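This structure is a prediction, so every number in the text was calculated from the model and none was measured.
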Amino acid sequence: MADADLHFYFDPVCPFAWMTSKWVRIVQRQRDYRVDWRFISLRLINADVDYAAHFPPEYEASHTAGLKLLRVAARIRDERGSEPLGAYYKVLGEETFEREPVPGGSAAAVHRGTHALATEALTRNGLPADYAGALEDSSWDSVIQADTDEALSLTGKDVGTPILHFAPPDGSALFGPVISRLPDETEALELWEHVTALGRFPGFAELKRSMRERPQLPAFGVRPDEVGVQEDWHGGSRRLKK
């Protein structure tokens, strides 16, 4: 999408990327921004990491599921262009995070069945169900790796998901914002103005805290009128050790 106002790099199993995408969609409705949904894979970022030693037990399966779902997205983009990707991601997020909790909420896509989830997202958007065959086709990984490398070239490597590139190709890019609660219509625009203002200042690098609330999502057992418990994300990662 050559004339996009924002490049949004997402991994479909990241709950914070999903929360940020919901905020961006609220802004989109009010400002008519054009968003190009792009790929960043937590599984590829952590390709050389010993998951058993560094992450909670469900994370390898979750990150692998995200990579597989991105393979389907890569096939969609190859055959249909980038326009359907936002709708595909929207169904993935709704089915993963907007449903009641399952064991290992952050890996809900795994517990509900990655193939079933991909097929649901495809058919609900009028896309061929056989695109789900890309789930096990690692030939798409080079495409996803290229997007991932592109995202990290904009921010540096010590980041997570999502990555937002404002006013591409020359605008700034940031990791985040990482939000645990969904703002209302007015707050969404205020947050957008603050984030983009920070991004426009060329010397701005970082503003963060590692204590995060569990995201305000049904998959984590947090209702819209509740605040999730706080967890320490060890410098932006759920790694158990560096």
Side-chain angles (χ1 to χ4, degrees), residues 1-42 45 66 82 85-86 89-90 92-94 97-98 106 147-217 220 222 224 227-228 230-238:
M1 189 181 296
D3 56 349
D5 301 293
L6 175 72
H7 291 171
F8 190 113
Y9 295 85
F10 71 94
D11 186 308
V13 297
C14 176
F16 290 105
W18 173 244
M19 285 295 294
T20 304
S21 78
K22 291 173 69 176
W23 162 65
V24 165
R25 292 180 195 272
I26 294 173
V27 175
Q28 250 193 304
R29 291 197 298 268
Q30 298 183 78
R31 292 287 181 85
D32 195 30
Y33 285 126
R34 291 175 60 83
V35 179
D36 190 357
W37 302 92
R38 299 191 173 198
F39 317 140
I40 182 169
S41 169
L42 292 168
I45 289 173
S82 61
L85 293 179
Y89 178 33
K90 187 172 186 290
L92 297 183
E94 289 171 348
F97 299 116
E98 305 295 339
S106 63
D147 269 28
T148 299
D149 291 343
E150 179 181 80
L152 296 179
S153 74
L154 297 167
T155 60
K157 295 183 178 180
D158 188 23
V159 295
T161 57
I163 289 176
L164 275 62
H165 186 189
F166 303 96
D170 299 321
S172 61
L174 298 172
F175 160 48
V178 176
I179 57 175
S180 58
R181 309 180 200 179
L182 189 65
D184 62 26
E185 300 279 323
T186 300
E187 292 170 333
L189 289 179
E190 290 176 348
L191 180 58
W192 178 266
E193 297 300 337
H194 293 317
V195 170
T196 54
L198 287 172
R200 284 194 297 270
F201 177 60
F204 177 72
E206 184 175 57
L207 181 69
K208 76 176 183 181
R209 56 187 171 194
S210 64
M211 292 300 294
R212 299 183 186 177
E213 300 166 352
R214 282 205 154 198
Q216 206 171 56
L217 296 168
F220 290 87
V222 185
V227 175
Q230 287 201 339
E231 301 171 314
D232 191 340
W233 273 64
H234 309 295
S237 172
R238 283 310 280 148

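The side-chain contact (heavy atoms from CB on, under 4.5 Å) check on D184 picks up T186, E187, with sequence neighbours excluded. The side-chain hydrogen bond (donor to acceptor under 3.5 Å, both in side chains) test applied to E190 returns no partner, not counting sequence neighbours. Listed by chain and residue number, R77 satisfy the salt bridge (Lys or Arg N to Asp or Glu O under 4.0 Å) test with D147 (two or more places apart in sequence, or in another chain). Every residue meeting the ring pair (Phe, Tyr, Trp, His ring centres under 6.0 Å) condition with F8, not counting sequence neighbours, appears here in chain and number order: W37. Residues passing the side-chain contact (heavy atoms from CB on, under 4.5 Å) test with E185 are I26, R29, Q30, sequence neighbours excluded. Partners of E213 by salt bridge (Lys or Arg N to Asp or Glu O under 4.0 Å), not counting sequence neighbours, listed by chain and number: R181.
Within the structure, the side-chain hydrogen bond (donor to acceptor under 3.5 Å, both in side chains) test picks out no pair touching residues 160-171 (sequence neighbours left out). Within the structure, salt bridge (Lys or Arg N to Asp or Glu O under 4.0 Å) contacts touching residues 195-204 (residues at least two apart or in different chains) do not occur.
Side-chain N or O atoms of Q216 include none that pairs as donor or acceptor with a backbone N or O of S180 at under 3.5 Å. Between the side chain of W23 and the backbone N or O of P183 there is no donor-acceptor pair closer than 3.5 Å.
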* To do: I would like to know whether L174 and I163 meet side chain to side chain contact (heavy atoms under 4.5 Å, CB included); could you show each step before the answer?
  => CA-CA 6 Å; L174 298 172; I163 289 176; over 6 Å; no
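Between F175 and P162, the shortest heavy-atom distance links the atoms CD1-O, 3.2 Å. Contact detail for G176 and L164: the closest heavy-atom pair is O-CD1, 3.4 Å.
Here the side chains of V35 and D5 are not in contact, with every heavy-atom distance at 4.5 Å or above.
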Would you list the atom pairs, donor with acceptor, under 3.5 Å between side chains in residues 149-157 and any protein atom, with sequence neighbours excluded?
| unit_1 | atom_1 | unit_2 | atom_2 | d |
| --- | --- | --- | --- | --- |
| D149 | OD1 | Q145 | NE2 | 2.9 |
| E150 | OE1 | Y9 | OH | 2.5 |
| E150 | OE1 | R38 | NH1 | 2.8 |
| S153 | OG | E150 | O | 2.6 |

Do any side-chain atoms of residues 10-22 form donor-acceptor pairs under 3.5 angstrom with protein atoms, and if so which ones, sequence neighbours left out?
| unit_1 | atom_1 | unit_2 | atom_2 | d |
| --- | --- | --- | --- | --- |
| D11 | OD1 | V13 | N | 3.1 |
| D11 | OD2 | L42 | N | 2.9 |
| W18 | NE1 | E98 | OE2 | 2.7 |
| T20 | OG1 | F16 | O | 3.0 |
| T20 | OG1 | P177 | O | 2.7 |
| S21 | OG | W18 | O | 2.7 |
| K22 | NZ | E98 | OE2 | 2.9 |

Side chains of residues 192-199: which donor-acceptor pairs under 3.5 Å do they make with residues two or more places apart or in other chains?
| unit_1 | atom_1 | unit_2 | atom_2 | d |
| --- | --- | --- | --- | --- |
| W192 | NE1 | Y33 | OH | 3.3 |
| E193 | OE2 | R31 | NH1 | 2.9 |
| E193 | OE2 | R31 | NH2 | 2.9 |
| T196 | OG1 | W192 | O | 2.8 |
| T196 | OG1 | E193 | O | 3.2 |

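Annotation: the span from I45 atom CD1 to T148 atom OG1 amounts to 6.0 Å, rounded to 0.5 Å. We find the CZ-CD distance between R214 and Q230 to be 13.0 Å, quoted to the nearest 0.5 Å.
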